[in-house]
Amino acid sequence: MTLDPNDMDTRDLYGYLSTAVAPRPIAFASTVDSEGRVNLSPFSYFNVFSTRPPILVFSPILRGRDGSAKDTLENLRAVPEVTISVVNYAMVEQTSLASTEYPTGTNEFAKAGFTEVAGEVVRPPRVQESPVSFECKVDDIIALGESGGAGNLVIARVVRIHIDEQVLDAEGKLDTRKLDLVARMGGNDYCRATDDNLFEIPKPLRNLGMGVDSLPAHIRNSDVLTGNNLGRLGNLEALPDEALLQRAEASQEVRDARAQGAIALHRLAKRYLERGEAELALAVLLQRVGSEPA
Ligand SMILES: Cc1cc2nc3c(=O)[nH]c(=O)nc-3n(C[C@H](O)[C@H](O)[C@H](O)COP(=O)(O)O)c2cc1C
């Protein structure tokens with residue numbers, strides 16, 4: 001299916017965009033109006049866009065029903081400061097409650113049952129229950145359109161970072177597993193970064209992976225290996241040396257697989273890949289089967 005956004009109504013377009021571009025982190029944005037009244041709202045059109053200067057960007061969109069601006073946007077135009085707190089699993093129901101369109105001037109900290117902590121350098125308070133909060137000055141607000149559904153990019157420069165020490169590891173770094181962050185998917189779905197759905201991929205930046213195109217054709221075209229398997233193999237810097245090829249050849253497991261043929265060797269290599277032994281897996285894949293050249 002191929003779609004042209006010009007032929008779609010805003011609701012459908014939102015559905016496709018927000019379901020496909022996910023999971024999205026959630027900014028819990030606290031702002032104040034010119035009279036100092038506090039507002040708190042979640043935004044999942046949000047991310048970090050620069051390290052130095054440290055820039056967070058989020059987007060309050062104009063209301064679909066009448067194109068009016070949300071309180072957060074009005075407040076930022078009056079007082080260009082925001083405190084962004086991240087959202088973890090323990091806070092997610094109250095965060096959703098805080099997204100209710102209460103009348104202007106309503107303090108959603110009170111409505112949702114959160115605790116205000118005064119900022120050090122900006123006026124909007126932070127959410128005490130959040131594990132990490134960023135006090136920010138707003139450098140710019142870029143309007144992306146004028147009618148309902150149009151985003152407004154809030155370019156927020158971080159001036160203070162507050163961290164609950166309970167989410168630090170022994171070295172004082174943030175610990176993803178302790179943070180237990182949640183993210184927004186399409187519709188009413190959220191997801192949670194728990195231990196059983198986190199996984200690691202070695203950074204390609206450390207080495208110059210040879211690339212999938214450098215692997216022999218019978219490996220690239222394997223019916224057994226997946227795209228992820230090929231990605232991990234292509235991340236190796238070079239084909240295995242003679243010593244590793246011989247080590248693989250000497251193993252009884254490899255001999256048994258060789259005797260059964262190429263598919264058995266590919267299956268064995270896949271198991272090694274799943275155990276994180278990519279070099280050995282490639283050495284297995286390069287074993288000759290019978291009299292066939294590898
Ligand atoms: C998890 C979550 C993420 C949301 N993300 C956005 C968003 O990125 N942009 C937006 O305009 N509204 C978003 N909303 C809806 C706003 O939070 C909602 O319209 C809120 O009432 C705006 O409050 P305000 O008028 O006080 O600024 C989100 C709601 C939830 C629950």
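Ligands are counted one by one from 1 in listed order, and the atoms in each one are counted from 1 as well.
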What do you reckon, does P42 have a nitrogen or oxygen under 3.5 Å from a nitrogen or oxygen of ligand 1? yes
Numbering as shown, the atoms of ligand 1 that approach Y190 to under 4.0 Å (heavy-atom distance): 1 (C), 31 (C)
So, is E101 polar-close to ligand 1, with some N/O to N/O distance under 3.5 Å? yes
More than 12 heavy atoms from other groups under 6.0 Å of CD on Q252: yes
For I61, atoms of ligand 1 separated by under 4.0 Å from a heavy atom: 10 (C), 11 (O)
To which protein heavy atom is atom 8 (O) of ligand 1 closest, and what is the distance rounded to 0.1 Å? Y45 N, 2.8 Å
Nearest to atom 5 (N) of ligand 1 by heavy atom, S44, S41, G64: which? S44
State whether the side chain of N235 and the backbone N or O of G231 hold a donor-acceptor pair below 3.5 Å, judged by distance alone. no
What protein heavy atom sits nearest atom 7 (C) of ligand 1, and how far off is it? F43 CD2, 3.5 Å
Shortest non-hydrogen contact from R160 to V121? CG-CG2, 3.6 Å
side-chain hydrogen bond (donor to acceptor under 3.5 Å, both in side chains) with Y272: which of E253, E279, E277? E253
Should you measure from each heavy atom of T100, which atoms of ligand 1 turn up under 4.0 Å away? 21 (O)
Does the residue R24 have a heavy-atom contact with ligand 1, meaning some pair of atoms that are separated by less than 4.0 Å? no
Using a strict 4.0 Å cut-off to heavy atoms of E108, name the atoms of ligand 1 that fall inside it. 26 (O)
For the residue pair R220 and V212, establish whether any side-chain heavy-atom pair is separated by less than 4.5 Å. yes
Note the single closest protein heavy atom to atom 25 (O) of ligand 1, along with its residue, its atom name and the distance in Å. D71 N, 3.0 Å
Under a plain distance cut-off of 3.5 Å, with no hydrogens placed, do S44 and R24 share a side-chain donor-acceptor pair? yes
Option set A27, S99, A29, S59, criterion heavy-atom distance to atom 29 (C) of ligand 1, minimum: S99
Do other residues, nucleotides or ligands put more than 12 heavy atoms under 6.0 Å from K178 NZ? yes
Minimum heavy-atom distance V224-N229, with the two atoms named: O-OD1, 4.4 Å
Would you say F46 touches ligand 1, if touching means a heavy atom closer than 4.0 Å? no
Answer with yes or no whether the side chains of D71 and T104 bring together a donor and an acceptor at under 3.5 Å. yes
Ligand 1 N/O within reach of L73 N/O, cut-off under 3.5 Å: no
Nearest neighbour in protein (non-hydrogen) for atom 3 (C) of ligand 1: R184 NH1, 3.3 Å
Less than 4.0 Å is my threshold; does some heavy atom of R63 fall inside it relative to ligand 1? yes
Minimum-distance protein heavy atom relative to atom 15 (C) of ligand 1: K70 NZ, 3.8 Å
Taking the basic N atoms (NZ, or NE/NH1/NH2) and the acidic carboxylate oxygens, is any pair closer than 4.0 Å for D169 and K173? no
For ligand 1, which atoms have a heavy atom of P60 less than 4.0 angstrom away? 11 (O)
Please determine if E249 and R255 form a salt bridge, counting it only when a charged side-chain N lies under 4.0 Å from a carboxylate O. no
Give me the ring orientation class for F28 and F114: parallel if the planes are under 30° apart, tilted from 30 to 60°, perpendicular past 60°. perpendicular
Is it the side chain, the backbone, both or neither of T72 that has a heavy atom closer than 4.0 Å to ligand 1? both
So is V87 close enough to ligand 1, meaning a heavy atom under 4.0 angstrom away? no
